[in-house]
Number of protein chains: 2
Amino acid sequence: MKDRAEARTLAGDAYAVIHRAIRSGLLQPGQRLRFAELQALCGMSVSPVREALVRLTAEGFTVSDDHRGFSVAPLSIAELLDIVGTRKLLEGEALRLSIEHGDSDWEGRLLAAHHVMSRLPRERDDMPSAMREDWDLRHADFHRILISACRSPILIEMCEKLFVRADRYRRLSISVPNQSRDVVCEHERIMALALDRNAEEAVAALKQHYQRTADAVQRLFETQEAL
Amino acid sequence: MKDRAEARTLAGDAYAVIHRAIRSGLLQPGQRLRFAELQALCGMSVSPVREALVRLTAEGFTVSDDHRGFSVAPLSIAELLDIVGTRKLLEGEALRLSIEHGDSDWEGRLLAAHHVMSRLPRERDDMPSAMREDWDLRHADFHRILISACRSPILIEMCEKLFVRADRYRRLSISVPNQSRDVVCEHERIMALALDRNAEEAVAALKQHYQRTADAVQRLFETQEAL
DNA sequence: GGCACCCGCATTTTCGAAAATCCTCTGCTC
DNA sequence: GAGCAGAGGATTTTCGAAAATGCGGGTGCC
């Protein structure tokens, strides 16, 4: 994740700042992005800001309109369903390959990542946002490691991009109370099946895991008519 | 394909020019890209050239090294196999969905694209390169239309990117004589099965089609030790 | 002799302003 | 009143130079 590797260029900083602003909601879906504001936000000149926007556009976080600048990519149920469907396909296959090729080192990293994640609370309201941020990172690590042994860099990269792209939607789902889901349990089950080398059921569990998150967000959309 | 939509900005032109230079081999894999040269090639200042490189890097055609500039992404057997494997997964599923959802308009466009393509010769040595370029475009259209009814914009976009990314390798395979393959026939078979709504066999034929191209290029690599 | 440091050159990266483009509002014509 | 042309302003895009960074050679020190 480019966010964490601290950038050695201003353009990298700008990318991180704007990316975070979009994910946090400071810059809202559909909002037009003016260079003047972004320069103020990032504290730099137009060149690195523009470079950041070009990169964000390539990754689907912003959209560009020639000579009319950039705006934050809008959210939609259609995109959510598309992202989830594609993730089920890609990560499902990546997990299957990981289970096929993974060695004991992979198993160890998986166990470790899950352990760290399970030690953090997820949705306590009194939880400081820093901790919630931390949970997000661990959660991302867990899913990353799950597919890390698939031996296909392209697949990994695509899954990573979709994961980040799904993040804006995932943040909405957290605000849904009483989901009657035990997310921790779902993760545990996926891991157990993976370690058992039960590819079929592990893939099915992973797909179900994503579908449930999608369903939760979709319900939220429909009730709030947030779109 | 961004190449064909004539760009309304210089950065778009630069993207097209450099992209073409990489695909044609004018800029070779691994070669370092200096701004001075690229500015001369594109006939413009540094800003749009840099923007083009950022975009190309996001798509995997170039790689960037902070404060040390850009270079053309190297070719490798590993990457070729990775691209082909991922394409089989993605386009296989996209074709399955297209067959499921495609209407008669889709069938018509598919027939038309195949007809136009079949009227162009592919590998005549005396063929002017403009015509070969034309065949490439029609070939791309055919594959694009094949999956165009899958109703997943993300899947389509990913397939498009992989298609373009595979192009550098595909150009190598054309230089292999006597492939004992009837590419025209393969395309015909895929189309016939798709129109027949025989998803299973159509997907299998498509995957085989890609695997054969991969095999041809791999043999070329190994004999020439071009890597 | 070998190693570390510093300086100058080549190159990338960033800046601030100029040029180009788009949007809006006004005024004119039909 | 509707519609088009054009000026003015806002904004993006591009330029050319300045700043920052990395690389290689040379010098001094151990």
Side-chain angles (χ1 to χ4, degrees), chain A residues 2-22 26-74, chain B residues 2-22 26-74:
Chain A
K2 283 167 188 165
D3 268 311
R4 273 184 290 171
E6 69 261 42
R8 307 182 53 73
T9 63
L10 286 186
D13 289 340
Y15 175 90
V17 169
I18 299 173
H19 194 255
R20 209 178 342 259
I22 290 175
L26 176 64
L27 301 173
Q28 299 228 334
Q31 177 179 346
R32 177 150 178 217
L33 298 171
R34 287 190 180 77
F35 280 94
E37 299 168 23
L38 294 181
Q39 285 179 62
L41 179 66
C42 300
M44 59 189 69
S45 178
V46 63
S47 311
V49 170
R50 184 175 177 83
E51 178 167 335
L53 288 175
V54 169
R55 278 160 63 178
L56 287 165
T57 298
E59 290 172 16
F61 292 104
T62 54
V63 294
S64 98
D65 205 350
D66 282 348
H67 291 287
R68 272 188 281 175
F70 300 80
S71 53
V72 181
Chain B
K2 285 168 188 166
D3 266 311
R4 272 185 290 169
E6 69 261 42
R8 305 183 52 74
T9 64
L10 285 186
D13 289 340
Y15 175 90
V17 169
I18 299 172
H19 193 249
R20 210 179 340 260
I22 290 174
L26 175 65
L27 301 173
Q28 299 227 336
Q31 177 179 342
R32 179 152 176 215
L33 297 171
R34 287 188 180 78
F35 280 94
E37 300 169 20
L38 294 181
Q39 284 180 61
L41 180 67
C42 300
M44 60 188 72
S45 180
V46 64
S47 311
V49 170
R50 184 175 177 82
E51 178 167 334
L53 288 175
V54 169
R55 279 160 62 179
L56 287 164
T57 299
E59 291 172 15
F61 293 103
T62 54
V63 293
S64 100
D65 205 349
D66 281 349
H67 291 287
R68 270 189 284 176
F70 299 80
S71 53
V72 181

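Only a predicted model underlies this, so the values are computations on that prediction, with no experimental measurement involved. In the text below, chain A, chain B and the rest are named by the order of the sequence lines, each starting its count at 1.
- OP1 or OP2 of C/dC22 sits under 4.0 Å from a side-chain N or O of B/Arg8.
- Whole-Å rounding puts the B/Leu38 CG to C/dT11 P distance at 13 Å.
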Worksheet item: Going through the distances and angles, do A/Thr9 and A/Glu51 end up as a side chain to side chain contact (heavy atoms under 4.5 Å, CB included)?
Response: CA-CA 11 Å; A/Thr9 63; A/Glu51 178 167 335; 5.5 Å; no
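- The distance between atom CD of A/Gln39 and atom C1' of D/dT12, rounded to the nearest whole Å, is 11 Å.
- Closest to the side chain of A/Ser45, out of C/dT12, C/dG16, D/dC15, is C/dG16.
- Of the candidate nucleotides D/dT13, C/dT12, C/dG16, D/dT13 has the atom nearest to the side chain of A/Phe35.
- Candidate nucleotides C/dT12, D/dG16, D/dT11 were compared by shortest atom distance to the side chain of B/Val46, and D/dG16 ranks first.
- Comparing C/dT13, D/dT13, D/dC15 against the side chain of A/Thr9 picks out C/dT13 as the nearest.
- Heavy atoms of B/Ala36 sit nowhere under 4.0 angstrom from any nucleic acid atom.
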Discussion item. Please determine whether side chain to side chain contact (heavy atoms under 4.5 Å, CB included) holds for the pair A/Leu53 and A/Leu38, giving the CA-CA distance in whole Å, both sets of side-chain angles, and the decisive distance to 0.1 Å.
Written reply: CA-CA 10 Å; A/Leu53 288 175; A/Leu38 294 181; 3.8 Å; yes
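- Taking atom CZ of residue A/Arg50 and atom C1' of nucleotide D/dT14, one finds them 9 Å apart after rounding to whole Å.
- Shown here for A/Ser71 and A/Gly30, the closest heavy-atom pair between the two residues is CB-O, 4.1 Å.
- Between B/Met44 atom CE and D/dC15 atom C1' the separation is 12 Å, expressed in whole Å.
- In terms of position on DNA chain C, the residue among B/Ser47 and B/Arg34 whose nearest nucleotide sits closer to the 5' end is B/Arg34.
- Between the side chain of B/Gln31 and the backbone N or O of B/Gln28 there is at least one donor-acceptor pair closer than 3.5 Å.
- In this structure, CG of A/Leu33 is placed 16 Å from C1' of D/dT13, rounded to the nearest angstrom.
- In the set C/dC15, C/dT21, D/dC15, D/dC15 carries the atom at the smallest distance from any side-chain atom of B/Leu10.
- In this entry the distance linking CG of A/Asp65 with P of D/dT11 reads 16 Å, nearest Å.
- Note: CD (A/Glu51) to P (D/dT13) measures 15 Å, nearest angstrom.
- Minimum atom distance to the side chain of B/His67 is reached by D/dT21, of the listed C/dT14, D/dT14, D/dT21.
- A sub-4.0 Å separation between OP1 or OP2 of D/dG22 and a side-chain N or O of B/Arg68 is absent.
- For the pair B/Arg32 and A/Gly12, nearest-nucleotide mapping onto DNA chain C gives the more 5' position to B/Arg32.
- At distances below 3.5 Å, not a single donor-acceptor pair connects side-chain atoms of A/Ser64 with backbone N or O atoms of A/Phe70.
- For A/Pro48, the listed nucleotide lying nearest its side chain is C/dT14; candidates were D/dT13, C/dT14, D/dT14.
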